[in-house]
Amino acid sequence: MPADGPARVRFAPSPTGWLHIGGARAALYNFLVARQTGGQFILRIEDTDRKRFQPQAEQDFMDGLRWLGLEWDEGPDKGGPYGPYRQTERAHLYRQYAEQLVEQGHAYYCFCSPERLAKLREEQRRKKLPPRYDGHCRHIPPEEAKRRVEAGEPHVIRFKTPREGSITVHDLIRGDITVANKDIDDYILLKSDGLPTYHLAVVVDDHLMRITHVLRGAEWLGTFPLHGHLYRAFGWPEPVWVHLSTFLKPSGKGKISKRDADVFRKGHKSVLIRDLRAFGYLPEAVNNWMALMGWSYDDRTEFFTLDDLIAKFSLERLKPSPAAVNFKKLDHFQGLHVRALEPGDLARRLVPFFHRAGYPQVTAADLLPIVPLIQTRITTLDEAPQMAGFFFRPQVSPKPEELVPKGLTPAQALEVARRALAVLEALPDVRAETTEPPLRALVEELGLHARQVFGLIRVAVTGQRVSPPLFESMEILGRETVLQRMRQAVTLLETLAQQEAAA
RNA sequence: GCCCCCAUCGUCUAGGGGUUAGGACACGGGCCUUUCAAGCCCGCGGCCGGGGUUCGAAUCCCCGUGGGGGCACCA
């Protein structure tokens with residue numbers, strides 16, 4: 001069931017690192033809700049943490065999102081009616097709302113130093129008590145607090161969490177969550193640098209930006225009750241809340257650490273969108289893969305395009321349980337989407353990978369005839385140059401010993417090569433229909449297996465033991481190149497046979 | 001230590017009071033075959049444990065256990 005009415009949703013990352021699949025999947029789901037309801041998808045940069053800020057992160061988010069096809073309607077680069085869309089550019093707003101809460105008795109000024117707080121926590125840890133603010137500044141008379149603030153004394157603003165009772169908040173896929181107020185800290189809303197913490201900023205911005213659905217990571221479940229308190233203190237209507245399941249490492253044991261991420265990258269796998277893109281994964285495959293971690297459509301459908309997802313996604317079918325990432329499954333979807341591409345489309349997408357691999361002159365037109373030969377054989381696009389580079393190299397360098405088929409001596413291999421060369425030289429062209437019958441006849445005549453003869457020609461002509469289909473490959477290479485490479489193979493085998501005889 | 005969330009094959013999941021518990025990836029075998037793939041067929045493999053409710057529980061409830069998240073002037 002699509003959410004009713006146009007939804008306003010957002011992806012609100014903190015610019016502290018690269019876009020990864022956790023964030024990208026949240027962005028995807030938000031995007032889907034916006035598109036399927038005819039609403040808006042907003043990109044908001046939550047850059048209030050100046051210590052962890054990384055200047056290149058924002059661009060990485062935008063590049064990654066655009067690559068995935070998740071274009072936003074409002075954001076820092078394109079503006080919109082509820083901007084600005086970077087929290088540091090909205091800084092003036094937050095103090096005003098924090099002070100409103102102070103005036104209404106929902107928050108208070110706190111003058112405790114970080115040192116005092118650290119000491120407090122240390123004591124609590126030693127006594128095995130939950131680390132929480134002790135309320136030291138909670139009862140400072142408002143006039144006195146105000147005086148100290150005006151005198152320039154460093155301070156923060158804390159939420160005055162009720163001491164009694166409990167709060168119940170509602171998550172769409174988890175239902176009601178009730179937490180005792182005594183278990184909720186007096187969280188800091190406004191830091192001493194005047195910038196808001198996440199808790200204040202997210203609530204103020206989501207309200208001001210008219211956000212209707214908040215789909216965010218499950219790591220926010222812990223402070224969800226605080227957010228509920230804030231909405232109620234402000235007297236604002238709450239959005240629909242959905243906390244998305246977390247991703248676990250492939251073993252299913254534990255969350256993915258920085259260290260794990262580095263190990264993945266060594267194995268040509270990654271949780272970073274920029275890496276997946278560089279490795280040659282298709283955005284279609286990445287979206288399909290991410291969508292199905294924590295969501296399903298029915299008991300059998302797994303192949304989804306972005307348009308399919310827009311049509312079929314539903315919040316109700318989200319799963320609350322954590323999901324282990326499965327890179328093998330990503331490869332599976334990659335294969336599916338690579339094969340689903342029009343050859344011309346695949347050819348175009350392959351071009352940059354050939355350029356990067358050292359074939360700067362290759363064009364999509366050059367690639368077009370080759371695509372049918374490799375479309376079922378590649379997983380990531382960066383495998384294509386390795387598999388089909390021999391089409392574009394002026395010459396190949398087969399290993400002489402690889403020219404010798406299993407079960408034959410170098411001398412026998414030489415004879416096979418000479419006979420095959422003679423057959424090819426006698427032919428008017430190297431079209432597959434032209435070359436295959438006489439070469440099969442040769443196999444017959446020599447009393448060998450097809451794999452022995454064709455294997456030799458394959459290595460001779462492609463320089464590789466594993467290659468796209470032989471006859472079609474020769475056709476694309478052309479008669480001159482094929483004959484030249486076969487002659488080279490004969491020469492190589494002559495040398496090898498001589499060495500063998502001498503030994 | 002405290003709080004919160006979660007729990008179906010190794011993994012992602014469908015189902016949800018009475019099903020031979022379905023699909024996908026992976027894995028094993030076979031077919032096809034000039035290599036490698038792709039494709040097709042077959043197979044392996046699961047309801048965390050214990051109590052309750054019920055004629056009947058994988059499904060509902062409780063308790064364990066396990067996993068995850070949080071307990072910052074980080075998000």
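So you know, we letter chains A, B, ... as the sequences are listed, proteins then strands, and number each from 1.
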So if I define the base as every atom that isn't primed, P, OP1 or OP2, how would nucleotides 61-75 of chain B read as a B/S/- string at a heavy-atom cutoff under 4.0 Å? ------SSSSBSBBB
Partner nucleotide, any strand, of [N] [Watson-Crick/G-U, under 3.5 Å]:
| N | result |
| --- | --- |
| B:rU54 | none |
| B:rG16 | none |
| B:rA37 | none |
| B:rC48 | B:rG64 |
| B:rG43 | B:rC27 |

Rounded off to whole Å, could you give me the [atom1]-to-[atom2] distance for the [X] and [N] pair?
| X | N | atom1 | atom2 | value |
| --- | --- | --- | --- | --- |
| A:Phe304 | B:rA24 | CZ | C1' | 11 Å |
| A:Gln334 | B:rA37 | CD | P | 17 Å |
| A:Asp298 | B:rA24 | CG | P | 12 Å |
| A:Phe247 | B:rU11 | CZ | P | 16 Å |
| A:Arg125 | B:rC2 | CZ | C1' | 14 Å |
| A:Asn181 | B:rC2 | CG | C1' | 16 Å |
| A:Arg377 | B:rU33 | CZ | P | 15 Å |
| A:Leu244 | B:rC5 | CG | P | 17 Å |

For [N] versus [M], give the span between their [atom1] atoms, rounded off to a whole number of Å.
| N | M | atom1 | result |
| --- | --- | --- | --- |
| B:rG66 | B:rC48 | P | 16 Å |
| B:rG64 | B:rC4 | P | 13 Å |
| B:rC6 | B:rC60 | P | 12 Å |
| B:rU19 | B:rG1 | C1' | 45 Å |
| B:rG29 | B:rA38 | P | 15 Å |
| B:rA21 | B:rG46 | P | 12 Å |
| B:rU8 | B:rG49 | C1' | 15 Å |
| B:rC12 | B:rC3 | P | 28 Å |

For [X], report the nucleic acid contact type (base, sugar-phosphate, nothing); a contact means any heavy atom under 4.0 Å.
| X | answer |
| --- | --- |
| A:Gly217 | nothing |
| A:Phe224 | nothing |
| A:Leu470 | base |
| A:Asp183 | sugar-phosphate |

Nearest heavy atom decides the nucleotide; on that basis, is A:Ala323 or A:Arg317 closer to the 5' end of RNA chain B? A:Ala323
A:Ala324 or A:Pro468, whichever maps to the more 5' nucleotide of RNA chain B: A:Ala324
Short side-chain N/O contact to B:rU35 OP1/OP2 from A:Arg458, under 4.0 Å: no
N or O in side chain of A:Arg440 less than 4.0 angstrom from B:rU34 OP1/OP2: yes
Please examine the side chains of A:Leu408 and A:Leu456, heavy atoms only from C-beta on, and report whether any two atoms are closer than 4.5 Å. no
Does any non-hydrogen side-chain atom of A:Asn287 lie less than 4.5 Å from one of A:Leu282? no
Under 3.5 Å donor-acceptor pair, A:Lys329 side-chain atoms to B:rA24 base atoms: yes
Between A:Phe303 and A:His337, how do the two ring planes meet: parallel, tilted or perpendicular, split at 30° and 60°? parallel
Could you tell me how the ring of A:Phe313 sits relative to the ring of A:Trp295: parallel (under 30°), tilted (30 to 60°) or perpendicular (over 60°)? tilted
Strictly distance-based, threshold 3.5 Å: is any side-chain N or O of A:Arg25 a donor or acceptor partner for the main-chain N or O of A:Met293? yes
Is there a donor-acceptor contact under 3.5 Å from the side chain of A:His449 to the main chain of A:Arg451? no
Closest heavy-atom pair, A:Tyr97 versus A:Leu208, reported as atoms and distance to 0.1 Å, is OH-CD1, 3.4 Å
Could you tell me whether A:Arg158 sits above the aromatic face of A:Tyr133, with NZ or CZ closer than 6.0 angstrom to the six-membered ring centre and within 45 degrees of the axis? yes
Would you tell me whether A:Asn326 and A:His332 have side-chain atoms, one donor and one acceptor, within less than 3.5 Å of each other? no
